[in-house]
Amino acid sequence: MATKLSINELKSSFANIKGLELLIGKIIEEEWDEIVGPTPYPSIIDLRAWDHRLLNRYEPFYSPLCDMCCLCTFGKCDLTKGKKGSCGIDIKSQQGKIVLIACLMGAACHATHARHLLDYLIKRKGRDYPIHLGEEIDLEAPLTRLVAGIKPKKLGDLEEVLDYIEKQITHLLSATATGQEANYIDFESKALHAGMIDNLALEVADIAQISALRFPKGDPEAPLVDLGMGVVDKSKPVILCIGHNVAPGSEIINYLEKEGIYGSVEVAGICCTAHDLTRYSTGAKIVGPLSRQLIFVRSGVADVMVLDEECIRTDIIEEAKKVGTRVIVTTDQLCANLPDMTKSPVDLIVKEIASGNTPAVFINNPAKVGEVAVKVALEIAPSRRASTISEEKEILNAVLRCRACGRCRRNCPADLPIDDAVSAARDKNLDLLAQIYDRCLNCARCESDCPEHIPIVSAIRVAAMEKIRNEKYKVRSGRGPIKDTEIRNVGRSIVMGEIPGVIAFVGCANYPNGNKELVEMADEFAKRRYIVLASGCSAMDIARYKDEDGQTLYEKYAGDFDAGCIVNTGSCVSNAHIMGAAVKIANIFAKRKLRGNFEEIADYILNRIGAVAIAWGAQHQKAAAIATGANRLGIPVILGPQGAKFRRAFLGRQDKKEKWMVYNARTGEKVYAGPAPEHLLYVAETKEEAMVTAARLVMRPNDTSKGRMIKLSHYIDLHQKLYGMIPDDFHLFVRNESDLPITMKDQLLKILKERKWEPVEIPDPTLLERQIVRME
Amino acid sequence: MATKLSINELKSSFANIKGLELLIGKIIEEEWDEIVGPTPYPSIIDLRAWDHRLLNRYEPFYSPLCDMCCLCTFGKCDLTKGKKGSCGIDIKSQQGKIVLIACLMGAACHATHARHLLDYLIKRKGRDYPIHLGEEIDLEAPLTRLVAGIKPKKLGDLEEVLDYIEKQITHLLSATATGQEANYIDFESKALHAGMIDNLALEVADIAQISALRFPKGDPEAPLVDLGMGVVDKSKPVILCIGHNVAPGSEIINYLEKEGIYGSVEVAGICCTAHDLTRYSTGAKIVGPLSRQLIFVRSGVADVMVLDEECIRTDIIEEAKKVGTRVIVTTDQLCANLPDMTKSPVDLIVKEIASGNTPAVFINNPAKVGEVAVKVALEIAPSRRASTISEEKEILNAVLRCRACGRCRRNCPADLPIDDAVSAARDKNLDLLAQIYDRCLNCARCESDCPEHIPIVSAIRVAAMEKIRNEKYKVRSGRGPIKDTEIRNVGRSIVMGEIPGVIAFVGCANYPNGNKELVEMADEFAKRRYIVLASGCSAMDIARYKDEDGQTLYEKYAGDFDAGCIVNTGSCVSNAHIMGAAVKIANIFAKRKLRGNFEEIADYILNRIGAVAIAWGAQHQKAAAIATGANRLGIPVILGPQGAKFRRAFLGRQDKKEKWMVYNARTGEKVYAGPAPEHLLYVAETKEEAMVTAARLVMRPNDTSKGRMIKLSHYIDLHQKLYGMIPDDFHLFVRNESDLPITMKDQLLKILKERKWEPVEIPDPTLLERQIVRME
Amino acid sequence: MSATPWQIADIPGPKQAHVLRVEMFPKIAKTLKRPLMVVGSRKEAFEGNDLEKYIVELAKLMNSPLVVSPGLCKNFINFKDIKVICMGIEDLINRLKDKDWKGFDDEGNYDAVIFIAGIYYFQSLMLSTLKHFAPHLKTFSIDRFYHPNAEFSFENMSEKRWIQEIKSLVGMMKSSLH
Amino acid sequence: MSATPWQIADIPGPKQAHVLRVEMFPKIAKTLKRPLMVVGSRKEAFEGNDLEKYIVELAKLMNSPLVVSPGLCKNFINFKDIKVICMGIEDLINRLKDKDWKGFDDEGNYDAVIFIAGIYYFQSLMLSTLKHFAPHLKTFSIDRFYHPNAEFSFENMSEKRWIQEIKSLVGMMKSSLH
Ligand code: SF4
Ligand code: SF4
Ligand code: SF4
Ligand code: SF4
Ligand code: SF4
Ligand code: SF4
Ligand code: SF4
Ligand code: SF4
């Protein structure tokens with residue numbers, strides 16, 4: 001402890017990582033007696049053999065978005081059809097490199113976010129503040145135990161995990177420079193490493209904030225909170241938080257509470273910060289995901305906008321200024337060329353901002369942000385200049401200029417028929433524009449290319465005004481981790497296959513057709529008694545629809561980790577708990593050791609746990625990182641059609657029998673186990689394909705016959721319902737007759753005979769030689 | 001020390017950073033009594049104010065290489081003429097982001113290289129091994145002291161510097177993701193931070209290896225060693241090392257020495273590893289820079305090729321295999337999908353490789369690499385299959401297929417008239433091809449696009465065979481840092497301007513017209529008694545030319561840090577000593593405090609030290625990082641025309657008087673100090689422009705009249721010689737009449753009068769308010 | 001109506017599709033030995049017309065099986081005398097790029113793929129995969145968009161005009177066979 | 001001889017230069033109020049011809065000063081009746097993109113810039129800067145390369161043909177003035 005004190009005398013932020021050393025020793029030697037597995041804190045190459053195994057079966061499939069490379073001054077190099085760049089690289093390796101860069105950008109976001117949070121929480125609560133996720137959660141940090149090989153007890157213990165993460169990110173980034181890694185397989189191995197590192201960072205961030213702030217701790221009955229474009233009470237002063245880091249937002253609430261005026265000021269959020277605000281306080285409100293950012297800000301409803309980090313429109317400060325909304329940026333991730341007033345006295349800052357002298361400032365201190373934001377909001381709210389009817393008229397007048405040139409559509413990333421909609425609006429029909437509202441990403445690219453400078457997104461807003469006003473939904477606030485008790489309840493059914501699968505809806509809002517398809521998918525799987533999870537923007541978007549009874553899915557289904565329920569884990573960082581749940585099953589139900597034992601656990605999950613993630617609107621580099629991390633752990637991911645722009649999938653080949661051999665751990669024999677799961681990362685063109693593919697990808701070699709029968713019957717049923725036919729490939733998933741759904745048995749048996757099907761054994765499946773005679 | 005021991009029991013590579021903690025306390029409290037400046041271990045925002053000052057004067061100038069952005073699944077977004085991307089970003093900020101990514105890739109390379117080296121050296125020598133750079137160097141780590149605010153005594157002390165670096169890189173990378181930093185000014189501030197971090201990593205790497213290996217320690221008379229395509233003795237077994245990390249190469253030499261056979265096996269290198277091999281042992285040979293890699297490997301002269309990291313052609317393993325050269329890759333940066341034999345016994349590996357069963361392997365252990373490489377080389381050398389005359393004929397036959405389609409030229413990054421050369425060769429004239437050899441980058445893009453599949457690069461090799469054989473040069477082995485005594489000798493003359501300037505030739509070999517122009521430039525400045533420095537590929541390329549007397553510049557000029565000398569600092573990481581020399585002048589000569597005192601020192605350098613770097617062939621992301629780091633420290637950099645592909649320059653505007661105001665520290669007044677230095681980062685189209693620009697950029701507000709007179713006279717003289725006229729702008733650099741070169745005084749005075757020139761005061765210049773009343 | 005990528009920034013590089021005019025197609029089609037028609041999931045394409053019918057006719061005329069993206073295969077399963085395979089397009093492309101793939105009839109890979117009605121950006125990337133990794137295949141887009149990543153592609157045109165073009169394509173194919 | 005970027009991969013994006021034919025230029029030139037001619041440093045361009053002479057003539061005909069890149073200004077300093085400025089091109093571009101720049105005669109920025117004889121890749125990027133950041137300027141390349149980043153550019157052509165074109169350009173300009 002003396003050591004730690006001497007460190008505290010150092011002012012630099014870097015010095016914060018000191019003081020850990022003695023503690024680590026303690027944990028390892030005294031507090032966690034689990035034996036250390038083969039790969040604690042794995043280096044880039046420690047898990048390379050596992051990656052190569054995966055990549056041999058699930059080969060990288062590249063769809064280059066660009067044929068050129070422009071990464072060094074030899075470029076641009078044209079890499080079309082076998083041509084190589086000046087550095088000798090070919091398109092495959094170059095695409096692998098680009099994918100790795102994307103995964104690293106994503107992982108770096110989460111690592112930085114985690115570091116910011118941890119620094120903040122340690123400053124507030126101290127390095128010794130305990131990590132505690134609630135009574136029924138002993139396995140507090142499955143990924144940290146698994147990857148880092150430590151059992152974190154205190155906030156301070158997480159610092160060394162972040163040190164490790166930052167080192168790995170640096171080494172991986174280095175490998176993307178010109179003249180480093182040469183082969184796409186090893187680029188993908190590195191991307192898988194980056195993905196694992198990313199997931200670890202997620203966990204660090206979320207368990208830190210759950211422990212130290214007053215978030216729900218794995219509570220299936222986390223409260224229902226307000227969500228939607230219409231939930232903000234404009235009669236009150238409004239503070240809008242955008243981003244991912246809850247620190248400034250929570251300090252706003254702290255300050256309001258301290259002053260006793262919480263409730264008379266609205267605190268609302270967009271993107272994951274919104275999730276975390278409601279986890280911090282049920283009085284906070286969620287406006288919506290990224291895809292509602294621009295329209296909401298343009299409404300001018302916010303008095304003050306507080307930006308933290310990630311997923312913030314680059315032009316949002318300009319947009320805010322236009323409607324008189326004041327802006328505070330709060331982290332080193334987004335300084336926006338604004339004056340740094342961190343060290344100025346609060347009253348001066350408030351005056352500068354409120355007067356409009358300096359309508360946007362940088363304050364790198366969450367507590368100060370809290371006070372300033374509230375004071376400014378209170379001061380300027382009375383004179384707020386929300387959008388007026390005359391402005392709306394002006395917008396609709398601008399629409400008259402449309403000359404149907406079609407440039408807006410051709411610049412729209414979703415290829416939405418916005419030109420037709422604007423033309424129709426010109427002819428006084430606003431319906432098409434209002435329809436676009438549901439599918440629109442709020443990206444404003446249409447606007448950007450309109451030769452008539454028509455404010456198209458504003459026109460969409462005006463056309464959908466009625467809809468927007470009525471957008472009031474309920475979402476279950478993010479509960480965080482799955483309880484150990486829940487794992488004990490369902491672990492067996494999942495591993496045996498009797499719960500047909502765990503389907504997680506994750507990632508961003510870049511959907512091909514708006515959020516409704518997401519809702520339909522979640523509903524379908526919940527109805528079929530899969531376990532449904534959701535996080536991030538997807539968790540919000542699932543709430544953005546009501547059924548005939550006026551209920552959102554969160555009202556319709558319970559929030560347990562159980563068949564037929566829908567769990568909102570929370571913000572993007574809470575994705576850790578989705579991976580974590582799989583890991584927990586392996587540990588709690590199957591008693592597999594976690595500590596530094598990545599390969600074995602991933603092998604377990606790949607072969608036994610029917611979990612699949614659907615990132616239907618994956619857009620950000622973080623989504624690439626999260627998905628790739630899930631893949632390394634043996635969890636397949638399905639992307640929407642825009643996901644092809646990540647440039648890489650991991651695809652299996654049903655038709656290549658030799659790829660589907662596993663060891664039977666009981667005998668050591670290599671046996672054919674069928675294409676299960678068939679792909680690790682797959683891009684589906686439509687929701688129909690996504691659903692049927694998910695139902696297929698939950699199948700695992702370890703399924704019992706009863707489990708397989710259940711999974712197969714959903715697969716076949718969904719296939720019939722959505723494709724109109726029995727699947728061509730169902731026989732590949734039938735090991736013996738008892739795998740067949742009873743109701744269709746005769747019909748299917750006939751087909752099996754036609755297809756010359758023969759039964760195979762159900763192995764105790766593993767890809768790892770060393771699992772063959774398992775010592776436990 | 002007990003702490004440290006408990007750590008050593010931990011196996012993970014990560015745990016290596018432990019054990020430092022107590023030491024730091026010691027250093028700070030006991031061993032370095034310099035007061036801590038304002039910014040030890042600066043965060044991203046600690047030096048932002050300095051950056052904004054620089055960026056206000058030297059505004060970012062963007063030349064987009066691509067109008068589109070493809071970084072997330074919203075893309076591609078077209079950003080032409082004011083259009084914004086789906087995330088709201090405009091082209092300026094997007095370009096700032098791309099520049100930041102490049103700088104980070106570069107910084108990550110150096111950080112990773114430094115970490116690899118340090119881990120290796122600590123493993124060999126122990127964490128307590130002293131940092132010692134020779135008798136006349138007390139200021140061992142100017143950048144570390146300046147930036148980190150620590151005085152490293154032992155190898156182990158450097159670990160925390162790398163921790164810091166890795167953290168900064170991660171946070172900066174995070175800011176490049178979609179929806180983070182919004183403004184180009186702050187992207188550039190972050191790029192400057194990345195550059196500074198990069199330079200710090202350079203220093204860590206080089207002082208560690210200089211201390212722990214037997215490198216020259218700042219020796220002006222470091223030995224002359226062999227360099228050139230013709231220096232390798234093919235009659236011996238040949239081991240070729242390519243890359244930047246000397247660990248495996250030095251272990252090859254260790255093993256040869258141990259076995260007593262050093263001298264009977266050739267150890268040669270390409271790229272910076274070659275520099276460092278000769279620093280380790282004068283018996284090693286330098287083949288050349290990156291631009292000789294392909295041709296040399298195709299010659300088949302190497303029996304074994306050992307690859308470490310950075311600047312390695314992605315296809316070089318395939319090329320080596322074609323000529324029977326065996327390959328060992330050695331680091332996590334380049335695994336190349338090769339089997340990991342790190343843990344196999346040496347004899348087995350040797351057998352596998354030598355037999356050709358597994359001609360290329362991955363061995364992640366330098367000592368093992370050393371042994372294996374030697375044994376394989378000895379075994380296979382007798383049957384080496386070097387290129388034969390019949391193959392050469394075959395190549396020249398292929399040339400006959402040329403149909404003069406011109407595709408080769410249009411795919412050549414240097415726009416070389418390779419089509420004409422091949423056509424001429426078809427008509428039996430090989431001269432043009434041989435001329436191309438001198439300018440060719442060895443990138444093979446021409447070949448890659450030839451519809452006739454003519455092996456163009458091989459044809460160049462054959463045509464230049466005679467030249468290649470005779471390429472035997474001498475280069476002074478990299479001496480590393482500048483001695484404190486040298487600084488004392490010349491510090492004053494530099495700061496007063498009486499030594500006209502320090503010109504450093506740095507960076508890669510992507511020259512517009514081959515290396516000869518580089519030689520001419522270096523010669524010109526050395527002749528004029530500037531202090532000339534060189535590093536990396538440039539230091540090699542300066543040696544690749546002999547004068548009438550058969551001497552290279554290294555033979556012609558002494559190796560001191562003094563007027564009219566040429567210093568080879570060494571490999572890329574030795575660039576740290578170029579920055580370091582400037583810092584040392586501020587500290588040793590001017591007694592400015594270093595510790596955590598970045599702003600003041602950078603301000604000092606910018607206003608007083610006439611140093612300029614010329615990166616004539618800057619190609620790699622590392623070059624972008626190094627240059628940007630130099631810029632933050634106040635050192636201008638000139639790039640060759642390809643450098644425009646980095647997409648950003650920092651340009652001053654002579655014609656805007658308000659941009660050139662400085663404080664006079666003596667009085668606090670703001671005074672006009674002239675456009676000195678005019679630019680921070682400038683792309684010159686030709687060597688003439690580079691030379692004249694360098695002569696202009698060495699001018700500093702602090703120059704005494706005598707110093708300014710000397711600088712001006714070189715500037716005017718070079719301008720007349722190369723441009724044919726007196727510069728339009730010389731009057732801007734004349735503060736009073738005594739600044740004028742005596743020999744031209746009358747002529748110049750007349751012009752001054754025409755231009756309505758008026759004298760101004762020579763200030764004690766600074767950009768920092770707090771320097772106005774300086775306390776020392 | 002010009003040969004610029006439908007989505008403005010969908011510019012892959014120097015290699016971009018040759019413009020395909022309807023009247024060129026029958027001639028080209030004759031040179032193909034094992035063509036494969038692939039229908040994507042751009043559902044709007046099928047509204048208020050008989051596109052399915054023309055597609056099926058075309059496939060029959062070319063003697064090609066029909067792979068239909070899962071989002072739309074229901075529209076095709078009731079046609080007679082035509083082999084309809086309901087399969088994810090990415091999965092299909094992954095097989096097509098493997099020269100040694102056995103095809104749907106075990107007789108080997110195809111020699112040409114004709115795409116229609118795909119979601120533009122997704123289709124573009126699938127064509128990119130084939131452009132880079134399937135030198136053994138010719139690729140055609142007869143969608144209403146100019147697809148730079150195809151080897152031959154229709155120009156951009158309106159939905160209405162496009163249906164006309166498809167109709168006349170069927171007509172020309174018929175007469176070219178007779 | 002086609003309007004594809006001279007360096008194959010020099011494809012910036014959707015916006016690429018209109019092809020400029022010699023006969024179009026005199027007409028366009030008449031509409032320009034303050035043109036500026038800029039000569040780059042592609043030294044080979046000046047070998048074995050009188051290019052300097054034609055350039056000077058052209059500049060005079062357009063009433064334009066001549067900015068010459070430092071690598072070549074020696075070739076131009078001896079011409080009479082023409083203002084030759086020897087200035088780094090990047091520095092020049094940096095000023096040109098500033099609408100408020102005063103120009104070389106203190107009368108303000110120019111309205112058009114005509115480039116010739118630049119090093120291709122460098123020239124391309126300087127044109128890119130103007131394309132993005134100088135909407136107030138028209139840019140022309142009359143070099144022998146198609147420069148996509150210019151607003152108007154010659155097509156690719158051989159050195160020989162190009163000199164012919166420049167000559168006839170001078171001729172046409174002359175007769176258009178008389
Ligand atoms: S990294 Fe390689 S492919 Fe990319 S631009 Fe540089 S040389 Fe070309
Ligand atoms: S704002 Fe909506 S309609 Fe406009 S381009 Fe973006 S997604 Fe398309
Ligand atoms: S770009 Fe503008 S003018 Fe053209 S169709 Fe769209 S809204 Fe109308
Ligand atoms: S990779 Fe992206 S930035 Fe580079 S050339 Fe292609 S589209 Fe442009
Ligand atoms: S990062 Fe922004 S500009 Fe780039 S592709 Fe994504 S949305 Fe477009
Ligand atoms: S590309 Fe080949 S055929 Fe064409 S000119 Fe060059 S060498 Fe000759
Ligand atoms: S190898 Fe030489 S000639 Fe060929 S493209 Fe590269 S630089 Fe040009
Ligand atoms: S100078 Fe450039 S090319 Fe040469 S070794 Fe260093 S980074 Fe590589």
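All values below were derived from every heavy atom in this structure, side-chain atoms included, with hydrogens, water molecules and symmetry-related copies excluded. Each chain gets a letter, A, B and so on, in the order the sequences are listed, and its residues count up from 1.
- Of the listed residues (P413(B), G652(B), G640(B)), the one with the most heavy-atom contacts under 4.5 Å to chain D is P413(B).
- Although no hydrogens or angles enter the test, the distance criterion places no donor-acceptor pair under 3.5 Å between the side chain of E689(B) and the main chain of G71(D).
- Counting heavy-atom pairs closer than 4.5 Å to chain B, the top-ranked of the candidates E44(D), M126(D), R95(D) is R95(D).
- With a 4.5 angstrom heavy-atom cutoff, D449(B) touches chain D only via side-chain atoms.
- Both the backbone and the side chain of L65(B) come within less than 4.5 Å of a heavy atom of chain D.
- Top candidate by heavy-atom pairs under 4.5 Å with chain B, chosen from G88(D), S41(D), G13(D), C73(D), is S41(D).
- Chain D forms more heavy-atom pairs under 4.5 Å with one residue of H679(B), M68(B), Q642(B) than with any other, namely Q642(B).
- With contacts defined as side-chain heavy-atom distances shorter than 4.5 Å, the pair L125(D)/Y62(B) does not qualify.
- Inter-residue side-chain proximity for P70(D) and L722(B) is flagged as unmet; no heavy-atom pair is nearer than 4.5 Å.
- In this structure, R410(B) contributes its side chain and P5(D) its backbone to a donor-acceptor pair below 3.5 Å.
- Using a 4.5 Å heavy-atom cutoff, the side chains of D67(B) and H132(D) are in contact.
- Heavy-atom distances place no part of P417(B) under 4.5 Å from chain D, backbone and side chain included.
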Salt bridge (charged side-chain N to carboxylate O under 4.0 Å, His left out) between D98(D) and K656(B), intermediate numbers included = CA-CA 12 Å; D98(D) 170 6; K656(B) 293 197 161 176; 3.7 Å; yes
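- Residue D78(B) touches chain D through its side chain alone, counting heavy-atom pairs closer than 4.5 Å.
- Proximity to chain D (any heavy atom under 4.5 Å) is shown, for E59(B), by neither the backbone nor the side chain.
- Two residues are said to be in side-chain contact when any heavy atoms from C-beta on lie closer than 4.5 Å; E90(D) and L651(B) meet this criterion.
- In this structure, no portion of A690(B) lies under 4.5 Å from any heavy atom of chain D.
- Contact between S63(B) and S128(D) at its shortest, heavy atoms only, is C-OG, 4.1 Å.
- Ion pairing of D91(D) with R653(B) is absent here, as no side-chain N (NZ or NE/NH1/NH2) approaches a carboxylate O to less than 4.0 Å.
- No donor-acceptor pair closer than 3.5 Å links the side chain of E685(B) to the backbone N or O of I89(D).
- A cation-pi contact links K645(B) to Y121(D), judged by a cut-off of 6.0 Å to the six-membered ring centre and 45° from its axis.
- The candidate with the highest count of non-hydrogen atom pairs below 4.5 Å against chain D, out of Q654(B), Q95(B), R409(B), is R409(B).
- Proximity to chain D is limited to the backbone of K721(B), based on heavy atoms less than 4.5 angstrom apart.
- In terms of heavy-atom pairs under 4.5 Å with chain D, the best-connected choice from T693(B), D655(B), L79(B) is D655(B).
- Listed for the Q7(D) side chain is a donor-acceptor partner under 3.5 Å among the backbone atoms of C412(B).
- Among L130(D), N94(D), I77(D), the residue making the largest number of heavy-atom pairs under 4.5 Å with chain B is N94(D).
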